[in-house]
Amino acid sequence: MNIKKDIFPKNFLFGTATSAYQIEGAANEDGRKPSIWDDFCHQPNRIIDGSSGDIACDHYHRYQEDLDLIKTTNLDAYRFSISWPRVISNRSGKINQAGLDFYQRLTDGLLERNIAPYVTLYHWDLPSYWEEKGGWLNRDTAKAFQEYAVIMAEKLGDRIPHWITHNEMWCASFLSYEIGVMAPGTHDMAKALQAAHNIMLSHGLAIEALRETRSDIKLGIAPNYLPSYPSSDSEEDKRAAHTFDGYFNRWFLDPLKGRGYPQDMVEIFGDMMPEIQSGDMEKMALPLDFIGVNYYNSNWYRHDENGGLFKLKKEQPQGLWLTQDRDVYAKGLYDALMRFHSEYGFDNIYITENGAAFEEQVVVEQGIKRVHDEGRIRFFKEHFVEAAKAIEDGVDLKGFFLWSLMDNFEWPGGYTIRYGMNYVDFETQERIAKDSALWLKDFLDS
Ligand code: IFM
């Protein structure tokens, strides 16, 4: 398939995304405090290769070189996250100037290269000093997040126009507290629901305070969205898919649109429902300037009487092609965008993450190191086509951020799963542009 950039509107923004813990390293430098991910990684059997983000891509020291990679790929924008425990030293909100300076330098480096910064305030690295007090199970953490958000906007809001409160709230709550494969790693649905509530509350509190702090910055959030299709046309399977959708998607999207928690799910969760105080749901529904969608894959469900709380079983159709850790269904991106547009009425939509991982080898050809990642090029093309179709069909899609700039610490997958368009040799920290980065550079130039 051959595609050209002109399938997108003229001012359409192309970017790439990363997150602090996955790339920065320098875990113990310049006054950074530990986060729940430092603690989690240093527990046995949490991370497949026993690794951590202690060094990661050493981006803290090599950020200039990394910003050059963004520039040479002809990308317009870069979405990065701020490490809360790097910039705030304790529960009283003491600023760590050295940590803050890093984000000042990073932002300046982007602006010097004419790359638009998009910042995420929370990509899962909660300071351990808050975890000691219950972490996201404690409402005080939501208040603390609001204070941290305000400090960041005061310090960086003059140079960063787009602010995202949270990345993938489902992961920060259910994947972390119910399924337990992410920090802090518990297996308790009631805790997951309480964490999800406090995270969404913290979003609302931050939006409220950020509006007062700077009226000129644009505010949004980046949920992960997983289309959930029925395995057959039967009413039972449709209900199963709808229930999974309630758990993964509607649980977050409905409150953002002022619809409260979805009633069908409230009934299923019963006495596991979180503590909700008066005014909480109104805060979650404060208007946003833009919304992100993180899309990777889709799931299919059928009804199963023995299928746990939700009575369902995942059943993927034949014929999906595979990446290292997911199956691919590009049309799911189109469906996601159409739903954000039609059912939820969102405008100013960005794809804040989309990408694929493959097992990759460096080869040397005529003295040049190359990584032939045809799978990633195919993935990019298929998803670009679906995004362009959604725009044609009326979706107000403003930009597309590819995950990720470079291979990095892929959470429980450690360094075994490579999502980068640039290869990282984690022994030497050498970066090698993969064929996908070279393809993208030409595509953006086309
Ligand atoms: O690496 C992650 C990222 O941190 C959040 N979204 C999904 C990516 C790939 O799994």
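Because the structure is predicted, anything quoted here is derived from the model rather than measured.
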Do [X] and [Y] have side-chain N/O donor and acceptor atoms under 3.5 Å apart?
{"X": "T120", "Y": "N167", "result": "no"}
{"X": "Y148", "Y": "Y122", "result": "no"}
{"X": "N96", "Y": "S89", "result": "no"}
{"X": "S202", "Y": "N198", "result": "no"}
{"X": "E353", "Y": "Y296", "result": "yes"}
{"X": "D373", "Y": "Y423", "result": "no"}
{"X": "N294", "Y": "E168", "result": "yes"}
{"X": "Q324", "Y": "R326", "result": "no"}
{"X": "H203", "Y": "T165", "result": "yes"}
{"X": "R113", "Y": "Q64", "result": "yes"}

> What residue among F400, Y334, F379 forms ring pair (Phe, Tyr, Trp, His ring centres under 6.0 Å) with F384?
Replying inline: F400
>> Among F145, Y21, Y129, W37, which residue satisfies the ring pair (Phe, Tyr, Trp, His ring centres under 6.0 Å) criterion with W84?
In response: F145
> Taking the six-membered ring of W403 as reference, does the NZ or CZ atom of R79 fall below 6.0 Å from its centre and within a 45° cone about the axis?
Replying inline: no
>> Taking the six-membered ring of F244 as reference, does the cationic atom of K314 (NZ for Lys, CZ for Arg) lie under 6.0 Å from its centre and within 45° of its axis?
In response: no
> Should D396 and K398 be marked as a salt bridge (Lys or Arg N to Asp or Glu O under 4.0 Å) after you check the CA-CA gap, both sets of side-chain angles, and the distance that decides it?
Replying inline: CA-CA 6 Å; D396 185 23; K398 298 285 198 235; 2.8 Å; yes
>> If the condition is side chain to side chain donor-acceptor pair (under 3.5 Å), which residues does D54 pass it with, not counting sequence neighbours?
In response: H42, S52
